Number of protein chains: 2
Amino acid sequence: MEARRDVFQAIADPTRRAIIGMIARQPVNVNTIAEQFDVSRQAISLHLKVLSECGLLHIKQSGRERFCEAKLERLNEVHEWVAQYHKLWTGRMKALKDFIEQDEIPAPSKKNKRTTSKK
Amino acid sequence: MEARRDVFQAIADPTRRAIIGMIARQPVNVNTIAEQFDVSRQAISLHLKVLSECGLLHIKQSGRERFCEAKLERLNEVHEWVAQYHKLWTGRMKALKDFIEQDEIPAPSKKNKRTTSKK
DNA sequence: ATGATATGCAAGTATTTGCTTGCAAATTTA
DNA sequence: TAAATTTGCAAGCAAATACTTGCATATCAT
């Protein structure tokens, strides 16, 4: 039973990320997508289902074909999650973080490390 | 056998994302992390192992304790992957994308749809 | 109509996950 | 030194994944 089905889970699979890359700019039909990979058409179909279920893609039926259109806005959840940390590992925030973790005053005086350093 | 072990895979699990949130600003030892969750300490230990194996966290031994320190820079891979699409779903790029997909000239003249529109 | 094309659904399988419980090892503390 | 604390490792398990192959169903082109 498909339990979790969120965007993070969806993009965890490299094949699914590749699929998103394929349809990011314009809709592509199922078979065309499947032809790009070594796995069976069915396998791709399942990946499309996962992407579809978490809203990352939309399917537009056109006759007997189905065009998969990317819904990139859904990546916003990931974007925001990463962005909150991005501030921490870049720029001033990173300097502050390093300063705190270093647990040492970076003053131009002599070193004053704590005695916690093990062997 | 642990096959894939990349950052995308690592952050796919909500518990692991929560762990990252806990240690993002300062290192925390294993038991303290485990106490925050309903699962067993072992389960958390496994999550920490996954995070560690993909470089998202670093363990600093301190006596019998182990402090987990987040290595947020590793999220850069995710950040960049999402960023490339971020441009597409926001701002001018999005307008361009929509324009292309719409397959129609948005001129103030009369509609001029192609004949491809299926029923 | 017929055959070819584009897909979905179902069943079956091998792997991978996420957890648990039990036990061992290293480190502190009393 | 003995008891308590902090973890890791190993074995076992159920559920979720990622794939396959086979078959059924629309649609399109002849």
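If you're wondering where the values come from, they're calculated on a predicted model, not measured in any experiment. In what follows, every chain begins at residue 1, and chains take the letters A, B, ... in the order their sequences are listed.
The side chain to side chain donor-acceptor pair (under 3.5 Å) test applied to B:N31 returns no partner, not counting sequence neighbours. Every residue meeting the side chain to side chain donor-acceptor pair (under 3.5 Å) condition with B:E65, not counting sequence neighbours, appears here in chain and number order: B:N29. With sequence neighbours excluded, the residues that form a ring pair (Phe, Tyr, Trp, His ring centres under 6.0 Å) with A:F8 are A:W81. A:V28 is linked by a side-chain contact (heavy atoms from CB on, under 4.5 Å) to A:M22, A:I23, A:Q26, A:T32, A:I33, counting only residues two or more places apart in sequence or in another chain.
Here the P atom of nucleotide C:dT17 and the CG atom of B:D13 are 11 Å apart, to the nearest Å. Atom CD1 of B:I19 and atom P of C:dC19 are 9 Å apart (whole Å). Atom P of nucleotide D:dA18 and atom CD1 of A:I11 are separated by 13 Å, given to the nearest angstrom. Nucleotide D:dA18 holds its C1' atom 11 Å from the CD1 atom of A:I44, rounded to whole Å. The interatomic distance linking A:E65 (CD) with D:dA26 (C1') rounds to 13 Å, in whole Å. For the pair A:K49 NZ and C:dC9 C1', the interatomic distance rounds to 9 Å; values are reported in whole Å. Atom CG of A:L48 is separated from atom P of D:dC19 by 12 Å (rounded to the nearest Å). Summarising the geometry, the separation between CZ on A:F8 and P on D:dT17 is reported as 16 Å, rounded to the nearest angstrom.
Under a 3.5 Å cut-off, the side chain of B:D13 and the backbone N or O of B:R16 do form a donor-acceptor pair.
Side-chain contact between B:K49 and B:E53 is present, with heavy atoms from C-beta onward closer than 4.5 Å. Side-chain contact check for A:H86 versus A:Q84: every heavy-atom pair is 4.5 Å or farther apart.
The shortest distance between the side-chain N/O atoms of B:R5 and the OP1/OP2 oxygens of C:dT17 is below 4.0 Å. For B:H47, no side-chain nitrogen or oxygen approaches OP1 or OP2 of C:dT17 to under 4.0 Å. For B:N29, a side-chain nitrogen or oxygen approaches OP1 or OP2 of D:dT7 to under 4.0 Å. B:R41 has no side-chain polar atom (N or O) that falls below the 4.0 Å cut-off from OP1 or OP2 of C:dC19. A sub-4.0 Å separation between OP1 or OP2 of C:dT17 and a side-chain N or O of B:Q9 is present. For B:R66 and D:dT6, the shortest distance from a side-chain N or O to OP1 or OP2 is not below 4.0 Å. Dashed line: the shortest gap from a side-chain N or O of B:S40 to OP1 or OP2 of C:dC19 is not under 4.0 Å.
Listed by first and then second residue, the ring-ring contact (aromatic ring centres under 6.0 Å, His included) pairs involving residues 19-52 of chain B amount to none (not counting sequence neighbours).
For B:V39, the side-chain atoms get nearest to C:dC19 when compared with the rest of C:dC19, C:dT7, C:dG18. Listed nucleotides: D:dT20, C:dT7, C:dC19. Nearest to the side chain of A:A43: D:dT20. Taking only side-chain atoms of B:Q42, from C-beta outward, the nucleotide of C:dT7, D:dA18, C:dT21 with the closest atom is C:dT21.
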Below 3.5 Å between N/O atoms, which protein atoms pair up with nucleotides 2-5 of chain D? Just atom names and distances, please.
residue, atom, partner, partner atom, Å
D:dT5, O4', B:R64, NH1, 3.1
D:dT5, O2, B:R64, NH1, 2.9

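Judged by closest nucleotide on DNA chain C, A:I59 is the one of A:L46 and A:I59 placed further toward the 5' end.
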